[in-house]
Amino acid sequence: MKYALMVRNDDLSKKTALKIKESLQNFFIYDEKNPDLVISIGGDGTILEAVHQYLNVDCCFVGIHTGTLGFYTDYQIDEVDQFIKDVTSRQFKTMKRYMLEIKINKKDSFQTYYALNELRLDQGLQAQVIHVYIGNVLLEVFRGNGLCVSTPSGSTAYNKSLGGSIIYPGIPLMQLTEVAGIHHNAYRSLGSSLILDESQTIKLVGNHFNHSLIGIDHIHLELEDVESIEITIGRKYVRFIEYREMSFIKRVRRAFINS
C-alpha cells in the first residue's frame with residue numbers, strides 16, 4: 001500500500017507526522033502523487049485540503065486530530081500509537097461521503113467544482129435576490145444574505161449553525177438552508193431547510209451575483225458575470241477508512257453534546 005501525509009503547519013502536527021512516517025516505513029511506501037491512503041494530521045480543515053488535493057486520485061482518507069475535536073477524525077493526538085497499530089493491521093472498512101457537484105454558469109462558459117461540506121453563497125453588504133429552482137420549478141424568490149447547500153457530511157458544519165438538520169453520512173442527499181432570510185409582510189421565503197435526494201438539481205439565479213462571495217469548502221471565490229449556479233449530489237464521493245468502530249451518533253455526541 002502507498003500512502004501520503006497531509007499535515008497542518010504547526011509543530012505538534014509536524015512532530016506527529018514524523019513519528020508516523022518513521023513507524024510506517026517498513027510497512028508502506030510513501031507516495032505523494034498516487035497514494036492509496038491519505039493520512040490527514042491537523043483538523044477538519046486539513047481533511048478538506050487533502051480531499052481537494054487528491055480529488056482525482058483513487059484513494060481513501062483517515063484523520064488524526066492534533067487540536068481539539070474534529071468531526072472527520074477518528075483519532076486524537078494521544079491515540080497515535082493505536083492508530084499506527086490499526087493501520088498496520090490492514091483491517092478496515094470504508095465509508096462513502098458524497099460530494100456536491102457545483103456548476104457555475106456564465107454566458108459562454110461554465111466551471112465545475114466539488115464540495116465535501118458545502119457551498120456557501122453570501123453577500124453581507126446588501127440583501128441578495130435569488131430565484132431558487134428545484135429542477136425547472138421555481139421554489140421561491142429568496143431575499144436575504146445568502147444560501148447554503150450542504151452534504152450530509154457538511155450538515156454538522158455551517159449548516160448546523162444556520163439551524164439546518166444533521167443528516168447521517170453515506171446517504172446521497174443535499175440540504176438547502178437560508179442565511180438571514182428577510183421575513184415580513186412584503187417578502188417571505190420558505191424559512192426552513194429543505195432536504196433533497198440525488199435525483200434533484202438546485203438552480204440559483206441571482207440579480208446581484210456580482211461581487212458576491214461563494215465558499216466551496218475552504219475555497220473562496222468572488223462571482224463576476226455569473227448567470228446561474230446549479231448544484232447536484234451523488235455522482236462523486238470520497239472514501240473514508242475506518243479502522244475501528246466510531247458510530248455517527250458517537251461523533252455527534254463527542255462534538256456537540258456535553259457528557
Side-chain angles (χ1 to χ4, degrees), residues 43-52 55 61 63 69-73 95-104 112-124 128 130-135 139-140 142 144-181 189-206 209 212-221 223 228-240 248-249 251-252 254-257:
D44 284 350
T46 315
I47 284 275
L48 292 176
E49 288 184 33
V51 166
H52 282 266
L55 193 60
F61 298 84
L69 294 178
F71 210 84
Y72 283 117
T73 53
M95 158 76 79
K96 289 182 180 179
R97 292 182 180 265
Y98 288 91
M99 304 187 77
L100 298 176
E101 182 176 311
I102 301 155
K103 186 179 177 184
I104 299 179
T112 301
Y113 299 88
Y114 294 93
L116 178 61
N117 266 6
E118 77 272 314
L119 172 145
R120 307 174 305 280
L121 181 62
D122 204 347
Q123 167 60 283
Q128 296 192 77
I130 303 173
H131 290 70
V132 181
Y133 294 85
I134 307 301
L139 170 68
E140 64 182 4
F142 171 80
N145 277 22
L147 295 165
C148 172
V149 181
S150 61
T151 65
S153 297
S155 69
T156 55
Y158 186 42
N159 167 77
K160 183 178 181 296
S161 70
L162 298 172
S165 298
I166 294 176
I167 301 175
Y168 194 90
I171 306 172
L173 301 174
M174 60 182 169
Q175 183 170 187
L176 174 67
T177 312
E178 298 177 358
V179 181
S189 57
L190 185 61
S192 65
S193 66
L194 177 64
I195 298 171
L196 300 164
D197 69 18
E198 60 187 323
S199 69
Q200 302 297 324
T201 298
I202 298 172
K203 184 177 181 180
L204 309 177
V205 181
F209 272 164
S212 294
L213 295 177
I214 185 170
I216 300 172
D217 289 344
H218 62 296
I219 301 166
H220 296 88
L221 306 170
L223 299 184
S228 67
I229 302 171
E230 296 175 66
I231 309 109
T232 57
I233 195 168
R235 296 178 179 87
K236 198 174 188 70
Y237 57 84
V238 178
R239 290 179 296 146
F240 278 76
F248 177 67
I249 301 305
R251 291 177 193 270
V252 171
R254 184 182 71 176
F256 301 120
I257 302 172

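Here the structure is a predicted model, which is why all the values come from computation and not from measurement.
R235 meets the salt bridge (charged side-chain N to carboxylate O under 4.0 Å, His left out) test with no other residue; sequence neighbours excluded.
Remark: S150 OG to I166 CD1 distance equals 10.5 Å, nearest 0.5 Å. Separating the CG atom in L48 from the CZ atom in F61 is a distance of 10.5 Å, to the nearest 0.5 Å. The CG atom of L116 lies 6.5 Å from the NE2 atom of H52; values are rounded to the nearest 0.5 Å. Distance CD1/I171 to CD/E198: 11.0 Å, rounded to 0.5 Å. Here I102 contributes atom CD1 and I219 contributes atom CD1; the two are 9.0 Å apart, rounded to the nearest 0.5 Å. We find the NZ-OG1 distance between K103 and T232 to be 9.5 Å, quoted to the nearest 0.5 Å.
A donor-acceptor pair is defined here as one N or O able to donate and one able to accept, closer than 3.5 Å; such a pair exists between the side chain of S155 and the backbone of I167. When atom types are taken as modelled, the side chain of D217 and the backbone of N117 share a donor-acceptor pair closer than 3.5 angstrom. The main-chain N or O of Y114 is never found under 3.5 Å from a side-chain atom of E101 such that the two would form a donor-acceptor pair. A donor-acceptor pair under 3.5 Å is absent between the side-chain atoms of T151 and the main chain of M99, judged by distance alone.
Each of I104, T201, V205 was scored for a side chain to side chain contact (heavy atoms under 4.5 Å, CB included) with E230, with one residue passing: T201.
Considering every non-hydrogen atom in both S153 and R97, the closest pair reads OG-NH1, 3.0 Å. Counting all heavy atoms, side chain and backbone alike, I134 lies closest to Q200 at CG2-OE1, 3.4 Å. Taking all atoms of both residues into account, the shortest heavy-atom contact from L173 to I233 is O-CD1, 2.7 Å. Listed here is the closest heavy atom pair of G170 and M95: CA-SD, 4.1 Å. The two atoms that bring G154 and Y72 nearest to each other are N-OH, 4.4 Å, heavy atoms only. Smallest separation of non-hydrogen atoms from N145 and D122: O-OD1, 3.3 Å.
With a 4.5 Å cut-off on side-chain heavy atoms, L194 and L139 count as touching. V132 places a side-chain heavy atom less than 4.5 Å from the side chain of L204. Contact check for Q128 versus L121: side-chain heavy atoms found under the 4.5 Å cut-off. At least one side-chain heavy atom of K236 sits under 4.5 Å from a side-chain heavy atom of L55.
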(message) Before you tell me yes or no, could you show the steps for V179 and Y158 under side chain to side chain contact (heavy atoms under 4.5 Å, CB included), namely the whole-Å CA-CA distance, both residues' side-chain angles and the distance that decides it to 0.1 Å?
(response) CA-CA 10 Å; V179 181; Y158 186 42; 3.6 Å; yes
(request) Applying side chain to side chain contact (heavy atoms under 4.5 Å, CB included), run through I47 and F240 and close with a yes or a no. (result) CA-CA 10 Å; I47 284 275; F240 278 76; 3.8 Å; yes
(request) Show your reasoning for whether side chain to side chain contact (heavy atoms under 4.5 Å, CB included) applies to F142 and L147. (result) CA-CA 9 Å; F142 171 80; L147 295 165; 4.0 Å; yes
(request) Determine, step by step, whether N159 and E118 satisfy the side chain to side chain contact (heavy atoms under 4.5 Å, CB included) criterion, reporting the C-alpha distance in whole Å, the side-chain angles of both residues, the deciding distance to 0.1 Å, and the verdict. (result) CA-CA 8 Å; N159 167 77; E118 77 272 314; 6.0 Å; no
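Residue pairs meeting the side chain to side chain donor-acceptor pair (under 3.5 Å) criterion with at least one partner in residues 160-175, sequence neighbours excluded, are Q175-S193.
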